[in-house]
Every structure is written in C-alpha cells, then in structure tokens.
Amino acid sequence: MTEQRDSKRKNIRYVAPSPELVEQIARKVCDKLAVAHPLCSHSEVVHSFTTFLSVVSRMYTNHLNGPEHFDEVDLLDNDTQKD
C-alpha cells in the first residue's frame with residue numbers, strides 16, 4: 001500500500017500560482033492591512049509583497065516537486081565563470 005501511494009505521488013507535478021493570482025492575493029491582503037496600517041496601501045508595498053509571495057510560492061512548488069524536477073527549474077545560475 002505504501003509503494004502504491006509513493007508511485008502516485010511521483011506522478012504529481014505541482015505548479016506555482018499565476019503572477020496575476022499572486023498579485024490579486026497580495027492586493028487583497030494589503031487592502032485589509034491598510035485599515036490599521038495605511039502605508040500598506042502604497043504601490044511599492046503591494047509590489048514588494050507581490051514579489052515576495054511569488055518567490056516563496058515558486059520555491060515551495062519546487063520543494064513539493066522534489067529533486068527529480070530540479071533540472072526543469074530555471075532559477076539557478078548556470079553560467080560558467082570567466083576569468
């Protein structure tokens with residue numbers, strides 16, 4: 001039974017939320033926070049929070065997908081150093 005569950009997990013491929021969805025969530029959170037903290041409604045705060053959520057969601061998606069999908073991730077600097 002454990003082997004069957006493990007084989008099903010290997011077929012799952014997680015996908016990070018779209019940038020539009022991340023921005024929508026960030027805006028809603030910032031709007032709610034702005035009631036108590038008006039600075040949260042500034043565009044710089046919303047943009048920074050959107051960027052943060054995007055990075056975290058991609059990192060967590062990569063973590064969930066496991067090492068077998070690391071070669072598909074284009075987040076690493078693969079350039080060779082030039083002396």
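Distance check, rounded to the nearest 0.5 Å: CD of E23 to OG1 of T51 gives 9.5 Å. One distance of note links CG of L21 with CG of L53; it measures 10.0 Å at 0.5 Å rounding. Rounded to the nearest 0.5 angstrom, I25 CD1 and C30 SG are separated by 12.0 Å. To the nearest 0.5 Å, the span separating OG on S57 from CZ on F52 amounts to 10.0 Å.
Here the side chain of T50 pairs a donor or acceptor atom with the backbone of V46 at under 3.5 angstrom. Judged by distance alone, with hydrogens and angles left aside, the side-chain atoms of N65 form a donor-acceptor pair with the main-chain N or O of Y14 at under 3.5 Å.
Summarising the geometry of L33 relative to C40, their closest heavy-atom pair is CB-SG, 3.8 Å, with the distance given to 0.1 Å.
Hydrophobic clustering places V29 together with V56 (ILVMFWY residues linked when any side-chain heavy atoms are closer than 4.5 Å, directly or through intermediates).
Residue pairs meeting the side-chain hydrogen bond (donor to acceptor under 3.5 Å, both in side chains) criterion with at least one partner in residues 28-47, sequence neighbours excluded, do not occur; the list is empty.
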